[in-house]
Amino acid sequence: MSVPARPLALPAPDELARAIAARLPGFQDVAWVAQTGSTNADLMERARAGGAARPWLLGAHAQQSGRGRAGRSWANTAGATLMVSCAYEIRVPPARLPAISPLSGLAACEALRTLSSASGLCVKWPNDLQWHDAKLAGILVESIRTPGRDTHTVVIGMGLNLRDAAGLSAALGREVADWSQVTAHDAGPAAGVAELVAALALSWQDAVAALEQGGFEAFQARYAALDALIGRPVTVQDQGRVLHEGIACGLDEFGRLQVRTEQGTITVSVGEISVRARA
């Protein structure tokens, strides 16, 4: 019988930054702060200014201007959420850049599965992490052309719930999961915060490099194995308006969701569209 795990406690920012940096010798800059507006926004601003070679990592105990997809804002309490962003440089045709969104979700899910023996970790397109049908983490991907270079800088930011799933579920009116629930099912000791962050950062780095070399086609089968929506009825919505209803049937070679409708299979691109599984 599993014993409920204690939520991860965040070390002091400087201490955490040192522990993460020791696990990421290939990163050019690793920093962790007590608070900021948005770790994604901070790295995007730095990327616009040029800056040193990538990759970079920036985490924060609290964010005042945290953002989700489509510019949605969200509040957070210090210590309740693991918030971290990484910046990577990539050379791919612009048409391939949207594939980084579902790829970032896949890479994060695979990284978390290496740290927990619990079943049920999966990805809801484009890149929400779920534990069974409850949202565990959200990811925001942004990109900008690298100044003075024929590349793009991609910033991947993630907010992972560490505790208080019950309170979040009640407040939001939907099922939310946290990392302590996942690790409560592990037989061995839980991974520390630095180990968790480093695993995410390295998984994203490997995925970005692989996309640069071979495109999203190499990831289609891996995504299908962790796809929370495949084979399920879904509605495709844009700002609350239902656009399509059908059965989710995986991703194409560009990382776009395929939905089989009565009128035929349609392609859903990453953007301000949400996909919600029906019961």
Side-chain angles (χ1 to χ4, degrees), residues 38 40-41 63 65-76 81 83 94-109 120-143 154-161 165 167-178 216 219-220 222-279:
S38 160
N40 257 45
Q63 294 186 152
S65 306
R67 294 170 295 141
R69 287 192 303 275
R72 299 180 184 93
S73 61
W74 58 277
N76 59 87
T81 310
M83 293 167 288
R96 291 281 183 178
L97 285 174
I100 297 174
S101 186
L103 183 57
S104 65
L106 171 63
C109 189
L121 286 169
C122 53
V123 190
K124 176 187 172 186
W125 186 90
N127 54 28
D128 280 349
L129 269 62
Q130 294 191 167
W131 187 50
H132 300 288
D133 279 336
K135 183 173 178 177
L136 174 67
I139 294 176
L140 175 65
V141 177
E142 300 178 281
S143 64
V154 174
V155 176
I156 304 172
M158 179 174 174
L160 170 69
N161 299 324
L168 288 170
S169 298
L172 297 175
R174 56 183 170 82
E175 286 299 310
V176 176
D178 64 42
F216 190 79
F219 296 95
Q220 285 176 283
R222 285 164 58 181
Y223 196 101
L226 300 176
D227 191 340
L229 296 177
I230 195 165
R232 298 178 66 177
V234 298
T235 58
V236 180
Q237 303 182 29
D238 184 4
Q239 298 181 351
R241 182 169 60 96
V242 175
L243 302 181
H244 304 283
E245 293 185 343
I247 304 297
C249 48
L251 276 56
D252 69 5
E253 68 274 17
F254 292 97
R256 300 174 300 191
L257 180 68
Q258 304 295 288
V259 178
R260 186 172 66 252
T261 71
E262 293 181 354
Q263 292 74 37
T265 300
I266 59 105
T267 297
V268 182
S269 299
V270 173
E272 295 188 13
I273 295 173
S274 63
V275 180
R276 298 179 181 175
R278 301 201 305 269

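As a basis for the values below, the full set of heavy atoms in this structure was taken, side chains included, without hydrogen atoms, waters or symmetry mates. Numbers for residues simply follow the sequence, beginning at 1.
- Within the 4.5 Å cutoff, no side-chain heavy atoms of Gln130 are placed close to those of Leu136.
- Residues passing the salt bridge (charged side-chain N to carboxylate O under 4.0 Å, His left out) test with Arg222, sequence neighbours excluded: Glu110.
- Considering CG of Leu140 and OG of Ser101, their distance stands at 8.5 Å, rounded to 0.5 Å.
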For this session: Could you give me the CA-CA distance, side-chain angles and deciding distance for Val234 and Glu245, then say whether side-chain contact (heavy atoms from CB on, under 4.5 Å) is met?
Result: CA-CA 6 Å; Val234 298; Glu245 293 185 343; over 6 Å; no
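- Minimum interatomic distance between Ala228 and Cys122 (heavy atoms only, all atoms of both residues): CB-SG, 3.6 Å.
- A search for side-chain contact (heavy atoms from CB on, under 4.5 Å) contacts involving Ala108 returns Leu129, Ile139, Met158, Leu200, Trp204, not counting sequence neighbours.
- Panel note: side chain Asp178, backbone Asn161; no donor-acceptor pair is recorded below 3.5 Å.
- Minimum interatomic distance between Ser38 and Ala41 (heavy atoms only, all atoms of both residues): OG-N, 3.1 Å.
- Under the 4.5 Å side-chain criterion, counting only non-hydrogen atoms from C-beta, Val268 is in contact with Trp125.
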For this session: Verify side-chain contact (heavy atoms from CB on, under 4.5 Å) between Val141 and Val154, making sure each step is shown before the conclusion.
Result: CA-CA 7 Å; Val141 177; Val154 174; 3.9 Å; yes
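- Shown here are the side-chain contact (heavy atoms from CB on, under 4.5 Å) partners of Ile230, two or more places apart in sequence or in another chain: Ala224, Asp227.
- Of all non-hydrogen atoms in Ile156 and Ser104, the two that sit nearest each other are CG2-CB, 3.9 Å.
- In this structure, Lys124 NZ and Leu229 CG are separated by 6.5 Å, a value rounded to the nearest 0.5 Å.
- For the pair Ile100/Ser143, no side-chain contact is recorded, criterion being any heavy-atom separation below 4.5 Å from C-beta on.
- How far CG of Leu106 is from CZ of Phe219: 7.0 Å, rounded to the nearest 0.5 Å.
- Put simply, the side chain of Asp128 never gets that close to the backbone of Gly138: no donor and acceptor are under 3.5 Å apart.
- At a threshold of 4.5 Å between non-hydrogen side-chain atoms, the residues Pro102 and Asn127 do not count as touching.
- The CZ atom of Arg232 sits 10.5 Å away from the CD1 atom of Ile247 when rounded to the nearest 0.5 Å.
- Atom OH in Tyr223 sits 5.5 Å away from atom CG in Leu251 (nearest 0.5 Å).
- In this structure, the separation between NE2 on His244 and CD1 on Ile266 is 4.0 Å, given to the nearest 0.5 Å.
- With Thr81 contributing its side chain and Met83 its backbone, the two residues share no donor-acceptor pair below 3.5 Å.
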